[in-house]
Amino acid sequence: PEGVPSSNGLSGAEQTLGPGLIGNVSVPVLYVYPASQPCGQAVILCPGGGFRGVAVEHEGRAFASWFNERGITLAVLKSRVGSYTSTNSLPSGVYPFDNDATNAGVVPTSLPNKDLKWETTEQWNAGLDLGFFDERIGITMDIYRKTTRDLLLDASLPYSSGYYSATKNIGKVRNDGLELSLNTVNFQTRAFKWTTNFNISFNKNEVLALSENQTALLTAAQFDQNYNGQSSYIAKIGLPMGLMYGYVYEGTYKYDDFNKSGNSYSLKPGVAHYSTETNTQPGMPKYADLNGDGVVDSNDRTIIGRGLPIHTGGFTNNFEYKGIDLSIFFQWSYGNDIMNANRLFFESSNNRSRELNQFASYANRWTADNPTSDIPAATNSSSNRVISSRIIEDGSYLRLKNVTIGYTFPSKLVKKWKIDKARVYVAAQNLWTCTGYSGYDPEVSVRNSALTPGLDYSSYPRAYSVSFGVSLGF
């Protein structure tokens, strides 16, 4: 920008403007070269004009201040697209030519889209604040509607193009929400005070549009090479994002599902079998044949869970008695499911080649001596390696998130110590959790994506912790 000094003697307008990669997105970048930073720092010029990027500093003066003085807003670049989205991706490969199969070349693996632009969000909200009985009761209500369009999504392409998909600005999502907060002073005297804060949030998410003529978008949550090719989530127009997708698990095949001839078992007529298995046996996984064609295949997959909660909230009680203070904070989430992918490996014979230990629950798997179990038998069946409702669990929970107790010394005493205020405290986090989830932690989502929420695979649980502290004021 004109007028911005630089240590190389050039004004900003005279410095080289060229393409660069910031945040894995190919955009024009204005490079600034302070003497102490030979490689330079950068301010990003967004597609369509305007500045976006990192706030850099030169000679003790932040460039953000320079832009703000001129009414130009600097914002942190946020992008969910990968490298080479607006340009071609050209990795190296082998190109047979002139009877030589060792020629090196490049292979275009993605279709460029030079028309990509930033996502657009429109939002309105209305709030109401009420107070009663000299503000001893306070109520706050906020409703909102947030619509995001031109989402950056992979759109399916006709095979004649030579590519499976390309990133486009195609999606549209709406969030309607209600947030309520209640604050009360329950009891108050000169020596004792008890206050409460309660808040709850509801959010309804809806997919309004996807790609051209597309009604659903399937996504494979990436967590293991044996499952990365299976679609495990679906976004469908008219429904929320983050819906879990797979087969409906009906337990295991029982002896009653078979005709027995000697020591051989064959399925009775009308009992569906998994498409890739020709010799279904008792104890193997059994899935619902939703279309009734007698075969369980990809056409029988459906929505099996939701990754987004119906509501979340928190509940805090604060107590003060003379110099003693106590704060107790609970939080909860309700209505969301968790895809416990750990059970695909630790409650299944699917991992025999990896020689992994198993959950204790696997001791109750189906065997000839335990024929009523709905945990699949130890077989190498292909039906053991699919996403199904067997691994979908209720992720609702109530957690004692934080407890803090402290003591503030009397002011007359601390004045003798030449300080204004002194307080000691003990704080503990994650003390107790009430949940039906069988995993380590219901507050989990290892893939931070709106398309694949609520996935648990090899996640580290939140730790129980206790800390001690001293707060001094001068």
Side-chain angles (χ1 to χ4, degrees), residues 78 80 146 173 175 177-182 196-205 219-224 227 232-235 240-246 303-318 327-347 359-361 387-405 426-467:
K78 293 182 179 179
R80 295 185 291 101
K146 180 180 179 181
V173 176
N175 286 279
L178 170 65
E179 297 178 351
L180 296 173
S181 178
L182 173 65
T196 298
N197 172 265
F198 172 86
N199 63 83
I200 186 170
S201 300
F202 299 85
N203 185 79
K204 179 184 178 183
N205 176 275
T219 304
Q222 305 293 302
F223 62 90
D224 182 85
Y227 294 91
S232 48
Y233 285 83
I234 186 172
M241 298 180 70
L243 295 175
M244 298 163 184
Y245 186 71
I303 295 170
I304 55 177
R306 56 174 294 155
L308 301 178
I310 297 174
H311 60 77
T312 59
F315 183 64
T316 305
N317 279 289
N318 296 303
S327 177
I328 304 173
F329 170 54
F330 287 88
Q331 74 173 29
W332 78 81
S333 177
Y334 173 77
N336 59 295
D337 294 310
I338 296 175
M339 183 180 292
N340 189 357
N342 300 291
R343 294 175 60 187
L344 294 170
F345 302 92
F346 302 106
E347 196 179 78
F359 290 149
S361 57
I387 304 296
S388 74
S389 58
R390 183 174 84 87
I391 63 169
I392 306 300
E393 302 183 38
D394 183 6
S396 303
Y397 69 89
L398 173 66
R399 168 167 284 169
L400 180 54
K401 188 69 175 179
N402 186 282
V403 175
T404 301
I405 184 169
V426 179
Q429 288 79 38
N430 303 315
L431 291 174
W432 172 81
T433 303
C434 177
T435 182
Y437 180 56
S438 67
Y440 288 127
D441 187 358
E443 196 177 350
V444 63
S445 187
V446 299
R447 291 292 175 264
N448 189 20
S449 167
L451 293 174
T452 58
L455 174 66
D456 186 2
Y457 180 69
S458 192
S459 63
Y460 194 83
R462 283 164 176 76
Y464 160 82
S465 64
V466 177
S467 57

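Contact of the Glu393 side chain with the Pro442 side chain is not registered, since no non-hydrogen atoms from C-beta on lie closer than 4.5 Å. Counting heavy atoms from C-beta outward, Ile200 and Trp332 have side chains that approach closer than 4.5 Å. Counting heavy atoms from C-beta on, the side chains of Ile392 and Met339 come closer than 4.5 Å. Counting heavy atoms from C-beta on, the side chains of Ile304 and Ser388 never come closer than 4.5 Å.
The environment of OH in Tyr334 is sparse: at most 12 heavy-atom neighbours from other residues, nucleotides or ligands sit within 6.0 Å.
To the nearest 0.5 Å, atom CG of residue Asn430 and atom OH of residue Tyr464 are 10.5 Å apart. Note that the CZ atom of Arg399 and the SG atom of Cys434 stand 11.5 Å from one another [nearest 0.5 Å]. Between atom CD1 of residue Ile391 and atom CG of residue Leu344 there is a gap of 4.0 Å, rounded to the nearest 0.5 Å. Atom CD of Glu179 sits about 11.0 Å away from atom CZ of Phe202, to the nearest 0.5 Å. Expressed to the nearest 0.5 Å, how far CD1 of Ile303 lies from OG of Ser389 amounts to 13.0 Å. Atom OG1 of Thr433 is separated from atom OH of Tyr440 by 15.0 Å, given to the nearest 0.5 angstrom.
Contact record, Ser438 with Arg343: OG-CD, 4.4 Å, taken as the closest heavy-atom pair. For the residue pair Val446 and Ser459, the shortest heavy atom distance occurs at CG1-CB, 3.5 Å. Nearest heavy atoms, Gly305 versus Asp337: CA-OD2, 3.3 Å. Of all heavy-atom pairs spanning Pro453 and Gly307, the tightest one is CG-CA, 3.8 Å. Nearest heavy atom pair, residue Leu455 against residue Ala341, reads CD1-CB, 4.0 Å.
Here Ser465 pairs with Gln429 under the side chain to side chain donor-acceptor pair (under 3.5 Å) rule; sequence neighbours left out.
Screening residues 456-467 for salt bridge (charged side-chain N to carboxylate O under 4.0 Å, His left out) gives Asp441-Arg462, Glu443-Arg462 as the qualifying pairs, with residues at least two apart or on separate chains.
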*Apply side chain to side chain contact (heavy atoms under 4.5 Å, CB included) to Val444 and Ile338, showing your working.*
CA-CA 8 Å; Val444 63; Ile338 296 175; 4.0 Å; yes
_Test side chain to side chain contact (heavy atoms under 4.5 Å, CB included) applied to Lys401 and Phe330, step by step_ = CA-CA 5 Å; Lys401 188 69 175 179; Phe330 287 88; over 6 Å; no
*Apply ring pair (Phe, Tyr, Trp, His ring centres under 6.0 Å) to the pair Phe346 and Phe359, showing each step before the final yes or no.*
CA-CA 5 Å; Phe346 302 106; Phe359 290 149; 5.5 Å; yes
*Going through the distances and angles, do Asn402 and Thr404 end up as a side chain to side chain donor-acceptor pair (under 3.5 Å)?*
CA-CA 7 Å; Asn402 186 282; Thr404 301; 2.9 Å; yes
*asked:* Is there a side chain to side chain contact (heavy atoms under 4.5 Å, CB included) between Phe198 and Leu180? Walk through the geometry before answering.
replied: CA-CA 8 Å; Phe198 172 86; Leu180 296 173; over 6 Å; no
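Classification of the Tyr457-Phe223 ring pair by plane angle, with boundaries at 30° and 60°, yields tilted.
Remark: of the listed residues Asn199, Thr196, Asn197, Thr196 is the sole one forming a side chain to side chain contact (heavy atoms under 4.5 Å, CB included) with Phe315.
The closest donor-acceptor contact from the side chain of Ser396 to the backbone of Gly335 lies under 3.5 Å. In terms of modelled atom types and a separation under 3.5 Å, the side chain of Asn205 and the main chain of Asn175 share no donor-acceptor contact. Judged purely by atom type and a 3.5 angstrom limit, Tyr233 has no side-chain atom pairing as donor or acceptor with the backbone of Ala450. Here the side chain of Ser232 pairs a donor or acceptor atom with the backbone of Ala221 at under 3.5 angstrom.
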